[in-house]
Participant: 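Before I ask anything, let me first share the structure, which is written out below as structure tokens.
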Amino acid sequence: MDLALAPETLARWQFGITTVYHFLFVPLTISLAALTAGLQTAWVRTEKEKYLRATKFWGKLFLINIAMGVVTGIVQEFQFGMNWSDYSRFVGDVFGAPLAFEALIAFFFESTFIGLWIFGWDKLPKKIHLACIWMVSIGTLLSAYFILAANSWMQHPVGYRINEAKGRAELTDFWLVLTQNTTLNQVFHSFSAAFLTGGAFMVGIAAFHLLRKEHIPVMRTSLRLGLVTVAVGGLLTAVSGDTLGKVMYEQQPMKMAAAEALWDGEQPAPFSVFAYGDVDKGHNKVALEIPGLLSFLAHSDFESYVPGINDTNKALQEKFGPGDYKPIVPVAYWGFRWMIGFGMASLSIGLLGLWLTRKKFLLPAAWRTGEDEVPHLVLFRNPLRPRLTRLYWLAAVWTMAFPLIANSWAGSSPRWAASRGSSTACSRRGTRSPPVSPRPRSSPR
Amino acid sequence: MAALGGRCDLRRLPEWYATLFSGFYLPLLLILVCLIVRGVAFEYRAKRPEEHWQRNWETAIFWTSLLPAFLWGVAFGNIVHGVKIDQDFNYAGGVLDLLNSYALLGGLVTLALFTFHGTVFVGLKTVGEIRERARQLALRVGVVTALLAVVFLLWTQFDRGDGASLVAAVAAVASLLVALVAARAGREGWAFALSGLTIVATVAMLFLTLFPNVMPSTLNPEWSLTVTNASSSPYTLKIMTWCAVIATPIVMLYQGWTYWVFRKRIGTQHIAELVH
């Protein structure tokens, strides 16, 4: 079944493509809902015109994107039955519960209040209308939580038993599925990454308009809000990425070994900056490494042992019988790096921007600007030269794409790694697992 | 909503969902494409003022709404009629097997019924000329719906019906006829409630004829999907029932509130304020 046009290969590609496409919209709308709600709150409290215009502007972008998010999510929904029906038979009993909760508690809630918010501007009292967009935001977060619980179960199945007679996994402890540390860490990482994404989106569009000196009061406010969101979201993404990584070293050693292209276990293990290797023979030809760092990332200790791909493969063979449990190492390795690289690039541009556009504190009085002026970018005591200023604005425009790229790799690569490791582990009747994890309608990472 | 139907299948009846969605691959693909285009069309239509932009999205909305309404009926018709399910609960037939006359009639019934329901709703929510046109259209569509529904329900009843299904079928036809009378009299509220009841009764009738099957096999009755062999485990069903018992009233409460907020009829004079 390794043929390029075998049905299973095509189904895997389809799953990967539709999932990544869906996931462009998911993190964006999770954060834009909250940011729009924040802006509307500012309007209700201060009654300033710029906040109202910002609310309408970002609200419109939120709606356009969530329309895409919903319809691309239906594809996720359908393909579980259409392409992966054996998989659905096997996990349906476990998946049923979180997905039922998602629909009844989150999805109806979210979609009803979106309708009220869109059409309720003139029909509802101001504060109730504001409450509607907050309900939408809560709905998106809840929805993501339940989907991530289902996804975490795929990564690390808990609270189930195998019913041999029916040939399927059956749920035994729903609470455990909702609160296992994989779920909690994934939720933390996905939510913070969602805010990094939405913040960068805001920064990019605001920078674009400021560069062209349009809609200045609205875009000034949006730029600052976006920059703060990028900084907070980005830092939390880094922290949660670290804790999630530690959980994975424990639960999915193959995934992390592949993400690091660590072929053989080492003590202490180095972090790979660049590697190029021979996948068939199972070793790296070129490797640029930082000694001990991987041990630290895995176990908070520069000296500890980290198992490699070959060791883990052997351990899995002993546990589950013969077979190759290796994922596609280059995809996992480079995907992991693109994810971190683009995410952190966006964070750096955001932190830099936060400093360059600082307002009162530490900014010489001469360079302070009014509401309807494009802010000066002041590095030390004087503004940047025009060319550098323009360069920063352009970088800020481009940063809008960075988290989206990072998310796409986050969604695709470690999942390739995961698919053969853990899902095979939970299936004993040879049920095929999808190439990447499920993400119906709205779910991060 | 259609998508939600799919999700509920997965939850309560994983086997059914698996057989249905993989077996009816091409029709479902078509429905999927329609749902995507339609969802995007609603959001994008008013985003630009050009006439051709809006007209194109309107055409898209028309066809992508019409097709799923028809195809769901075809799918339902096949579910009730039974399809070639093998011993592994996999669909063993082809696409053309799904286009039998009973299923096609089922498609026409859902299409007509949903159109009737929709026109009655338009009449309920509008004023002036639109309301009058909706009323006249509802009458014409309603008569066609009644004819199709009577033939389809009779066919189903003779095919595999029992006492309970007969009651549901009579309820469906009766509420449809009263809905027609109400629509004619300009009592759209009643007409809408009754056309809704018709849909509920029709679906109930179909499942009553099926019970305890949820999808009979035409190859061998032993290979039929039933409520027992296709359902989730008792523990999962219990959790989902509790969730539904607690959440559904809350959902109905806030959806009821939504209807209250938007209770007023609208006309063309209100359109300007909807465009931000």
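Note that this is a predicted model, so its numbers are computed, not measured.
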Participant: Start with the C-alpha distance between Phe108(A) and Gln255(B), add both sets of side-chain angles, then the distance that settles side chain to side chain contact (heavy atoms under 4.5 Å, CB included), and finish with yes or no.
Facilitator: CA-CA 9 Å; Phe108(A) 280 133; Gln255(B) 292 202 332; 4.1 Å; yes
Participant: Can you name the closest pair of heavy atoms from Phe78(A) and Leu35(B) and give their distance?
Facilitator: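 So the two residues come closest at CZ-CD1, 4.3 Å.
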Participant: Can you give me the closest heavy-atom contact between Gly115(A) and Phe262(B), atom names plus distance?
Facilitator: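 Of all heavy-atom pairs spanning Gly115(A) and Phe262(B), the closest is O-CZ, 4.1 Å.
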Participant: Mind telling me whether Trp257(B) and Phe113(A) have parallel, tilted or perpendicular rings, with 30° and 60° as the class edges?
Facilitator: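 The rings of Phe113(A) and Trp257(B) sit tilted, inter-plane angle from 30° to 60°.
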Participant: To the nearest 0.5 angstrom, please state how far the NZ atom of Lys238(B) sits from the CZ atom of Phe174(A).
Facilitator: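 The distance works out to 13.0 Å.
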Participant: Please flag which part of Ile250(B) lies under 4.5 Å from any non-hydrogen atom of chain A: side chain, backbone, both or neither.
Facilitator: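 The answer is neither part of Ile250(B).
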Participant: Could you walk me through whether Ser233(B) and Arg168(A) pass the side-chain hydrogen bond (donor to acceptor under 3.5 Å, both in side chains) check?
Facilitator: CA-CA 10 Å; Ser233(B) 66; Arg168(A) 70 179 185 190; 5.1 Å; no
Participant: Between the side chain of Tyr17(B) and the main-chain N/O of Ser88(A), is any donor-acceptor distance below 3.5 Å?
Facilitator: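 Not at all, since once roles are kept as given, no pair shorter than 3.5 Å links the two residues.
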Participant: Work out which heavy atom in Leu29(B) is nearest to a heavy atom in Met82(A); give both atom names and the distance.
Facilitator: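 What the structure gives for the nearest pair is N-CE, 3.6 Å.
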Participant: Looking only at the aromatic ring of each residue, does the gap between the centers of Phe80(A) and Phe21(B) stay below 6.0 angstrom?
Facilitator: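 Distance test on ring centres: not under 6.0 Å, no.
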Participant: Please classify the contact between Asn90(B) and chain A as side chain, backbone, both or neither, with a heavy-atom cut-off of under 4.5 Å.
Facilitator: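 Contact with chain A involves both backbone and side-chain atoms of Asn90(B).
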Participant: Let me confirm one number: the OG1-CZ distance from Thr236(B) to Phe95(A), rounded to the nearest 0.5 Å.
Facilitator: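 Nearest 0.5 Å value for the OG1-CZ distance: 12.5 Å.
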Participant: Please flag which part of Tyr235(B) lies under 4.5 Å from any non-hydrogen atom of chain A: side chain, backbone, both or neither.
Facilitator: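 The answer is the side chain of Tyr235(B).
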Participant: Where is the tightest heavy-atom contact between Ala100(A) and Cys243(B), given as atom of each residue plus distance?
Facilitator: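 In terms of heavy atoms, the two residues are closest at O-SG, 4.5 Å.
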Participant: For Thr172(A), is it the side chain, the backbone, both, or neither that has a heavy atom closer than 4.5 Å to a heavy atom of chain B?
Facilitator: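 It is the backbone, since no side chain atom gets that close.
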Participant: Go through the atoms of Val261(B) and report whether side chain, backbone, both or neither lie under 4.5 Å from a heavy atom of chain A.
Facilitator: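 For Val261(B), backbone and side chain are both near chain A.
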Participant: Could you look at Lys264(B) and say if it's the side chain, the backbone, both or neither that has a heavy atom under 4.5 Å from chain A?
Facilitator: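 It is neither, since no heavy atom gets under 4.5 Å.
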Participant: Taking all atoms of both residues into account, what is the closest heavy-atom pair of Ala67(A) and Gly39(B), and its distance?
Facilitator: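 It is CB-O, 4.5 Å.
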Participant: Could you report the tightest heavy-atom contact between Glu43(B) and Leu63(A), atom names first, then the distance?
Facilitator: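 Taking Glu43(B) first and Leu63(A) second, the nearest heavy atoms are OE2-CB, 3.4 Å.
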